[in-house]
Amino acid sequence: MVRIKHRYLLVNILYPDAKHSQLAPAKKSGDNVPYTVQFRRPSPDQMNGGLLMRLIRDGVVELFGDHGSGKIAGSLQVKYFSSATSTAIIRVSREHYRLVWSALTFTTRLPRPVDQPCVIQVVRVSGTIRKAEEEAIRRARLSIRRAEAAAKSASVSIAGTASTTPTAVAAGEDDFDMINGIEDPDEPGDMDDDDDG
Amino acid sequence: MAPTRPPPPPNNIKKRKEAPTDPQTNASKRYKPTDHRQKTRDARTLSTQTSSKAFKNGELDVSAFVKSRAFEISALEEGMARSKKALNRRAFQQVPKELRRRTASHNVKRVPKRLRERGKREMADDNTPTVTARRRKPTAHMRLRLETVKKLRALGAKRKAGMDRVKVTVADPNGAPPTKSTDSAKDKQQPAESTTAIKARTPKIKKSLLATPPVPKAKFRKRQIHKSWLPTHLFHAKRARMTAPSAALWRFSVPLTPTAKSYRPTHRASHERGAVAWDMSYIATVQLEGREGSLIGMLKVLGVAEEELIGRKGEKWRQGRRALENFVYEREAPHDPVAPVTIIWCVSAAEESAGMAGKEKRNRKLLLRVHPSAFYQLWEELLRLAKVAKPAVSVEDLRFDIGSLEITGPGGTEALLSALWPSRTTSEPLAVRDSASTAMDIDSESRNKNTIVEETWSSLAGLTNPAMVPKNALLAFNVQDPRLHHPPRTIKLPKTDAEQHKLLELIASWPVDAAQQPPELFDRKARQAASATMPSQKAVNRRKGLAAPGQYPEPLPKDPQIPVLLYTTAPSTTDKGASGRPPPNSSSWTLLTPWKCMQPIWYSLMYYPLSTGQQPRFGGLDQYRQLSFEAGKAWFPGDFPGTKAGWEWEYAERRKREAEWRRRPKGKRVSFERVEVGEGVRGEIGIGWGCDWERLIGGALVASEGEEAAMNVEKAAESGDKSAENGKTKAQEEPKEPPQQAPSKPPHLTQLSARQALALLATPPATPPATTTVKLPPHIHLPSALTTVRLTLLTRGVPQPCARIYRLPSSTANPELRRQWLALLPTDTHKPTQKRGGKHALPRGLPSTGEIPPHVVQQRLAQSLLEPVRAGEEGYPSCPGEGDLVGFVTAGSYDLAAGFGTGIGSLLVEKVMGREEEAGERHLCVVRNSGTGVARLGRWEVI
């Protein structure tokens with residue numbers, strides 16, 4: 001029997017423009033909110049799986065026309081979208097996941113009811129949803145640790161700035177380094193396998 | 001998480017639970033429990049959190065951020081667990097393979113005990129009732145039938161009551177206790193309500209007549225018109241693939257292979273752990289009775305060796321203490337081989353009293369056991385010989401009188417021990433006895449001479465290989481009805497060294513030889529008495545019910561004494577363990593018993609819980625062939641194409657393969673006429689779907705014409721003329737059905753025994769053929785004399801049945817091809833058994849860790865480049881021409897015992913004898929599967 005093969009994209013949505021965010025940093029603590037927390041903002045409530053779906057479809061139509069949209073239409077599905085963490089898992093057929101990926105990459109603004117500038121990061125492509133979920137869990141753990149470490153260092157240095165200090169970074173066992181805001185840069189080893197030919 | 005279910009309504013008529021109608025229940029759970037699609041979808045949905053909930057009053061702070069991530073982690077983890085659980089299988093789906101069943105698998109009462117609780121819960125969840133047949137409401141149709149049964153039963157009871165008034169006692173001439181019976185035919189003559197003793201006429205035993213199969217029950221009679229059932233037919237028909245009703249094998253309905261997958265399990269059970277048993281009742285038994293001198297004379301004519309008949313070697317066999325397997329030949333001039341026959345003498349009662357002359361004169365009996373495919377040939381031969389013999393010998397056909405089974409594997413002895421409880425025994429039965437007395441005390445003074453055989457048998461507990469007892473040893477004694485001890489229990493096995501030592505001592509001394517009484521199996525009266533006094537299952541059940549819980553019923557003096565005869569089949573002496581093959585270690589027990597007593601013994605064997613776990617397996621014909629192939633033994637009739645039976649078998653196989661080939665569409669079957677067969681010739685040699693012996697021994701024979709014509713027609717049909725609309729031409733084009741009956745064997749085709757073949761092969765090549773034939777009996781036509789060989793492939797590949805065997809081209813005719821083939825011969829470092837990596841594996845032997853110095857790498861590279869060419873590469877030698885064809889493979893496949901492909905085939909002796917060969921090149925051959933162009937290098941040896 002032939003099995004229909006899919007790819008699962010683990011996606012993060014980032015909101016670079018703080019002005020447009022409806023969530024303001026807490027007033028009392030003022031500037032105390034560390035950078036890591038500000039970097040990963042929650043999405044607005046109107047943003048949901050359906051909207052993400054529309055965004056991708058429109059993006060694919062714009063980039064690849066009806067041909068591309070027809071290719072992905074059958075298999076595209078948003079498996080998971082959490083607005084609190086701005087994380088999504090998108091399923092698409094194995095042959096055409098690159099169309100979706102490029103549409104996501106070229107997105108600069110969320111569609112109408114939200115209408116907010118954004119950057120969409122595809123952080124993981126996997127063959128099973130399980131692996132995508134495991135990666136999401138790993139990343140959530142990492143950001144929790146990072147936020148806690150940052151909060152601790154901020155409380156120690158009263159005039160704490162938003163940037164994380166190297167000493168705080170060393171506290172966690174994982175690599176907290178950020179390069180240009182990208183937390184998990186590609187290692188030379190983890191090239192994604194070109195199995196779709 | 002658990003959905004709140006309303007309690008079931010009091011009269012729950014509907015089979016399945018309804019969906020909960022309560023509006024307050026969780027909306028996401030509102031689906032039927034049977035809606036699996038919805039269920040899995042639910043299980044796979046991940047719960048999410050909106051940002052307004054996560055971040056109260058729109059503020060971004062660390063704790064809310066951490067909480068939202070924590071929620072995400074738990075949601076994902078829970079979702080993963082949930083979706084995995086949704087794939088969970090039901091209890092009956094987790095049953096191990098051998099315990100799985102097809103009908104009513106969901107029935108809680110039919111799943112193993114450990115899964116029963118879970119199954120019950122699942123069934124309750126589904127609201128599926130487990131009905132029993134007893135409580136089920138009969139359908140309208142069934143009710144009608146039941147009413148009819150009731151009426152019939154009432155009628156029968158009335159009739160029976162009428163008959164009971166007349167009682168006739170028949171004195172049984174066979175010595176069985178008189179049984180009361182009624183005979184309706186005599187009702188009319190006898191005055192009613194009188195009891196008379198009628199002396200029954202002693203039945204005259206019809207000798208020299210073919211036995212008729214037992215008359216089956218009326219219910220089963222129609223199904224056995226052209227064939228007979230084995231005594232265990234009902235067992236096998238439920239669990240095995242039997243021969244097709246229209247295509248009985250040797251006039252028997254024979255189990256071919258178990259329905260369950262069994263190729264590897266059979267191998268494992270027979271070699272490592274467990275046991276495999278076969279009902280071999282289809283093997284024909286013939287009894288000869290007469291003066292010892294005439295019997296020996298008959299056997300001599302049949303081809304039994306002189307040293308067995310007269311010399312010291314066969315003394316124990318002649319006394320009836322050993323069995324002998326021998327190939328027998330026809331008496332008339334071509335002396336065609338008939339079949340391998342097992343010959344068992346009956347122990348004579350007065351052994352010591354008679355002198356040499358007396359020995360010649362006394363009456364003896366012997367049993368001949370022969371495969372049914374050769375039975376008629378042997379029977380005719382025996383009748384002819386018996387008439388000639390002076391004083392005359394009587395021949396009796398015991399085919400449906402004596403049944404047999406064979407059991408092999410390490411647990412075989414154990415299973416037999418639990419099934420066969422000797423009738424006469426001084427000590428307690430084996431299963432009850434404590435282990436201290438398991439091994440017999442040989443030096444004990446108190447032992448009864450009459451029970452030595454029984455005691456020896458009971459002391460064999462712990463024997464895992466019957467080959468350990470003296471070769472071909474015989475044991476004959478009477479056993480109790482095994483149904484009294486059903487279900488069997490695991491017997492006590494020796495555990496301590498002392499016990500093991502005792503067992504070894506017993507085997508070494510083998511006291512049976514001195515004490516064996518004449519086996520009662522040879523006695524017709526004893527056989528009939530045992531069959532006649534077998535109590536009904538109902539009576540057995542009643543006795544078992546009366547016995548104390550956990551106890552077996554007490555034996556009664558009236559119990560049947562089932563005569564059994566056991567012997568071991570040891571591997572033949574020629575099996576010395578071929579190259580790369582472990583020496584054959586498995587041997588088997590063969591049990592002979594009256595036909596009607598087979599079934600209870602079989603059931604006891606099959607349900608015996610082995611000490612190593614599981615139960616003995618049963619095998620079909622395919623398993624028998626598989627195991628004899630793995631042991632490197634030739635199987636009669638398949639591997640003896642030089643005999644009449646073997647020839648017929650080959651023809652039947654050929655027809656079967658041809659039908660299979662024809663069934664496939666043209667594009668998907670091997671097109672034999674395009675196969676490259678070497679020397680630039682295209683087109684398979686002879687018939688592609690058979691071992692074309694006719695073509696091999698040369699001469700256009702009648703037998704091959706039909707086949708050749710069929711193939712030619714096939715070619716003609718393929719070559720064109722597709723536009724033939726005319727029905728007549730189409731009918732002509734249709735290949736005509738090959739005749740149902742096998743054509744007669746080519747007259748000179750014969751099969752040489754291993755000894756003869758080896759003698760021929762040992763003759764130096766220099767001697768002219770005239771002198772070599774001196775060693776042979778003059779009647780053998782050397783150009784068509786075959787011998788059975790075992791093949792091992794030296795490089796790669798697996799021989800299939802019908803594969804062609806070629807000799808290496810001679811150094812004068814085609815030295816280049818010969819050199820190429822010899823270059824493939826692996827050196828000693830590359831044994832064929834050595835495990836190799838895949839085709840593209842790296843050269844072996846490189847150190848896995850550390851830096852490899854470049855010179856080593858280069859050395860390896862050079863070595864790998866120098867390795868012999870592989871098939872398909874340029875320079876791989878092509879197959880030799882048809883002139884070098886010497887034989888065919890009759891059985892071949894991947895050999896689980898050897899670990900590589902082996903085969904059994906037959907060769908024309910003349911074509912391989914007298915070839916000048918160096919030591920390393922002895923018995924090399926080239927094997928090419930039918931329908932393929934790639935040939936492989938192999939080595940053969942005579943078996």
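Model, not experiment: these values are computed from the prediction.
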Answer yes or no: are there more than 12 heavy-atom neighbours, outside B:R44 itself, under 6.0 Å from its atom CZ?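 For B:R44, atom CZ is not crowded (no more than 12 foreign heavy atoms under 6.0 Å).
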Within a reach of under 6.0 Å around CZ of A:F106, are more than 12 heavy atoms found that belong to other residues, nucleotides or ligands?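 Open: at most 12 neighbouring heavy atoms sit under 6.0 Å from CZ of A:F106.
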Kindly give the heavy-atom pair with the smallest separation between [X] and [Y], and that separation in Å.
| X | Y | result |
| --- | --- | --- |
| A:K79 | B:L46 | O-CD1, 4.5 Å |
| B:S51 | A:P42 | CB-CB, 3.7 Å |
| B:F65 | A:T36 | CZ-O, 4.4 Å |
| A:A151 | B:V62 | CB-CG1, 4.0 Å |
| B:R69 | A:A84 | NH2-O, 4.3 Å |
| B:M80 | A:R130 | SD-O, 4.3 Å |

Hey, what do you get for CG (B:L76) to OG (A:S82), rounding to the nearest 0.5 Å?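 It is 8.5 Å, given to the nearest 0.5 Å.
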Pairing of A:R141 and B:E77 as salt bridge, 4.0 angstrom limit: yes
Taking the side chain as every heavy atom from C-beta outward, state whether A:Y80 and B:E72 have any atom pair closer than 4.5 Å. yes
Does a side-chain heavy-atom distance below 4.5 Å link A:E148 with B:V66?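 Of all side-chain heavy-atom pairs linking B:V66 with A:E148, at least one is under 4.5 Å.
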Interface residue of largest heavy-atom contact number with chain B, from A:I144, A:I89, A:T87, A:T85, under 4.5 Å: A:T85
With only heavy atoms counted, which part of B:S47 is less than 4.5 Å from chain A, the side chain, the backbone, both or neither? backbone
N/O donor-acceptor pair under 3.5 Å between A:D45 side chain and B:T50 backbone: no
